[in-house]
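I have placed the structure first, in the form of structure tokens, so that the comments after it can refer back to it.
Remember, predicted model here, so these are calculated numbers, not experimental data.
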Amino acid sequence: MKLIIPITAMAVLLACNKAAIQPIVQTPPTTVVVQEPKERKLVWSDEFDKEGLPDPVKWGYDVGGNGWGNNELQYYTKDRKENAHIEKGNLIIEAHKESYQGRNYTSARLLTQKTATWRYGRMEVRAKLPSGLGTWPAIWMLGENISTAGWPLCGEIDIMEHVGYEEGVVHGTLHTDAYNHGKGTQKEGKTTVATATSAFHVYAIDWTNNQIDFYVDDQKYYSMNAQTTGGTQQQWPFTQPFFMILNVAVGGNWGGLKGVDETIWPRRMEVDYVRVYQ
């Protein structure tokens with residue numbers, strides 16, 4: 001018996017068979033390009049390679065002996081090598097016990113207020129801190145609008161503070177109009193650095209528009225953000241340019257809280273470098 005298939009049905013069958021044997025064409029998977037974080041570049045530094053006084057192109061001085069709002073005992077001098085000079089590749093800021101301009105101690109407070117300011121980035125300072133009761137070294141920053149806004153509305157970032165009566169502890173702190181030591185509301189972290197006064201360590205912050213992280217030797221020990229504090233100028237003034245300050249104070253409300261040993265002077269902070277990456 002013959003099987004008779006109409007031509008139209010045959011055409012459909014052939015078409016179906018042809019479709020069945022078509023090779024499967026696979027669409028290649030979509031390639032996802034992962035953007036690596038933009039590598040920060042060194043935008044400012046002082047390696048302290050040239051002997052003598054600090055580079056005036058990079059550093060200015062705060063001068064005076066008015067207690068600096070903290071009842072400090074020193075008179076800050078300018079262009080005086082006894083208090084600030086470069087020696088063997090390090091900046092030396094040295095406090096002396098001596099009678100000077102009505103004060104019994106001298107020291108130096110260097111700053112970049114009129115030479116360089118930065119908004120955001122990574123600030124690194126490699127330093128060895130002074131030891132002894134009554135020493136109060138600091139590596140810190142103030143908002144460039146301090147002359148108009150005043151403190152604490154301008155904001156303050158303490159990259160590193162150390163007091164001699166807690167030799168193995170360093171502090172990282174933020175001060176604002178809403179949160180500051182005058183009110184006892186400052187935002188502060190601290191960590192143990194057992195060799196802070198006998199070895200160099202890298203003190204750093206990583207600063208973005210809404211967060212500041214604090215580090216010692218690349219180990220983060222504290223972090224604060226605008227979500228926690230609130231984002232107003234009174235709460236988070238850290239969206240504007242800031243300048244750098246390096247100093248060694250003597251005594252004061254915090255540094256002298258447990259007295260000042262008058263037999264230990266001079267005492268110095270040694271700074272290997274200051275670097276700013278953005």
Specify the closest pair of heavy atoms between [X] and [Y], including all atoms of both residues, with the distance to one decimal.
X: Ser223; Y: Gln211; answer: OG-NE2, 3.2 Å
X: Cys154; Y: Ala149; answer: N-CB, 4.3 Å
X: Pro137; Y: Met160; answer: O-CE, 3.9 Å
X: Leu91; Y: Pro54; answer: CD1-CG, 3.9 Å
X: Glu72; Y: Ala249; answer: OE1-CB, 3.5 Å

Distance only, no hydrogens: is a donor on one side chain within 3.5 Å (strictly under) of an acceptor on the other, for [X] and [Y]?
X: Thr228; Y: Asn225; answer: yes
X: Ser131; Y: Glu167; answer: no
X: Thr195; Y: His201; answer: yes
X: Thr232; Y: Gln235; answer: yes
X: Thr106; Y: Asn83; answer: yes

Looking at [Y] and [X], is there a salt bridge between them, counting it only when a charged N and a carboxylate O are closer than 4.0 Å?
X: Arg126; Y: Glu124; value: no
X: Lys88; Y: Asp49; value: no
X: Glu47; Y: Lys58; value: no

Co-membership, hydrophobic cluster, residues [X] and [Y], 4.5 Å side-chain:
X: Leu129; Y: Ile86; result: yes
X: Val163; Y: Ile93; result: no
X: Leu142; Y: Phe238; result: no
X: Ile159; Y: Ile212; result: yes
X: Trp140; Y: Tyr61; result: no

Side-chain ([X]) to main-chain ([Y]) donor-acceptor, under 3.5 angstrom:
X: Arg103; Y: Gly65; result: yes
X: Tyr222; Y: Glu188; result: yes
X: Thr117; Y: Phe243; result: no
X: Asp46; Y: Phe48; result: yes
X: Asn70; Y: Trp68; result: yes

Distance (rounded to the nearest 0.5 Å) between [X] [atom1] and [Y] [atom2]:
X: Leu174; Y: Asp158; atom1: CG; atom2: CG; value: 8.0 Å
X: Ile157; Y: Met244; atom1: CD1; atom2: CE; value: 9.5 Å
X: Leu111; Y: Leu246; atom1: CG; atom2: CG; value: 9.0 Å
X: Asp206; Y: Met123; atom1: CG; atom2: CE; value: 9.5 Å
X: Arg119; Y: Thr208; atom1: CZ; atom2: OG1; value: 11.5 Å
X: Asn180; Y: Gln186; atom1: CG; atom2: CD; value: 7.5 Å

So do the side chains of [X] and [Y] get within less than 4.5 Å of each other, counting heavy atoms only?
X: Ile205; Y: Arg122; answer: no
X: Thr135; Y: Thr197; answer: no
X: Leu110; Y: Ile245; answer: no

Under the side-chain hydrogen bond (donor to acceptor under 3.5 Å, both in side chains) rule, what do Gln234 and Thr176 come out as? Steps first, then yes or no, please.
CA-CA 6 Å; Gln234 290 74 23; Thr176 71; over 6 Å; no
Take Arg268 and Glu87 through the test salt bridge (charged side-chain N to carboxylate O under 4.0 Å, His left out) and record every step on the way to the result.
CA-CA 12 Å; Arg268 59 171 51 183; Glu87 173 186 306; 3.3 Å; yes
Could you tell me whether [X] and [Y] have their ring centroids closer than 6.0 angstrom?
X: His175; Y: Trp236; result: no
X: Tyr277; Y: Trp44; result: no
X: His162; Y: His171; result: no

Given side-chain contact (heavy atoms from CB on, under 4.5 Å), test Gln113 with Ile146 step by step and report yes or no.
CA-CA 10 Å; Gln113 184 175 15; Ile146 187 171; 3.9 Å; yes
Is the terminal nitrogen or CZ of Arg275 (NZ for Lys, CZ for Arg) located under 6.0 angstrom from the six-membered ring centre of Tyr273 and within 45° of that ring's axis?
yes
Pairs of donor and acceptor atoms involving the side chains of residues 252-262, under 3.5 Å and at least two apart or interchain, shall be tabulated with distances.
| residue | atom | partner | partner atom | Å |
| --- | --- | --- | --- | --- |
| Asn253 | OD1 | Asn71 | ND2 | 2.8 |
| Trp254 | NE1 | Tyr165 | OH | 3.0 |
| Asp261 | OD1 | Thr263 | N | 2.9 |
| Asp261 | OD1 | Thr263 | OG1 | 2.6 |

Do Asp217 and Gln219 pass the side-chain hydrogen bond (donor to acceptor under 3.5 Å, both in side chains) test, and can you show the C-alpha distance, the side-chain angles, and the key distance before you say yes or no?
CA-CA 5 Å; Asp217 297 331; Gln219 298 298 310; over 6 Å; no
Could you point out which residue of Trp136, Tyr75, Tyr76, Trp265 forms a ring pair (Phe, Tyr, Trp, His ring centres under 6.0 Å) with Tyr105?
Trp265
Test ring pair (Phe, Tyr, Trp, His ring centres under 6.0 Å) applied to Trp207 and Trp118, Tyr215, Tyr120, the passing residue:
Tyr120
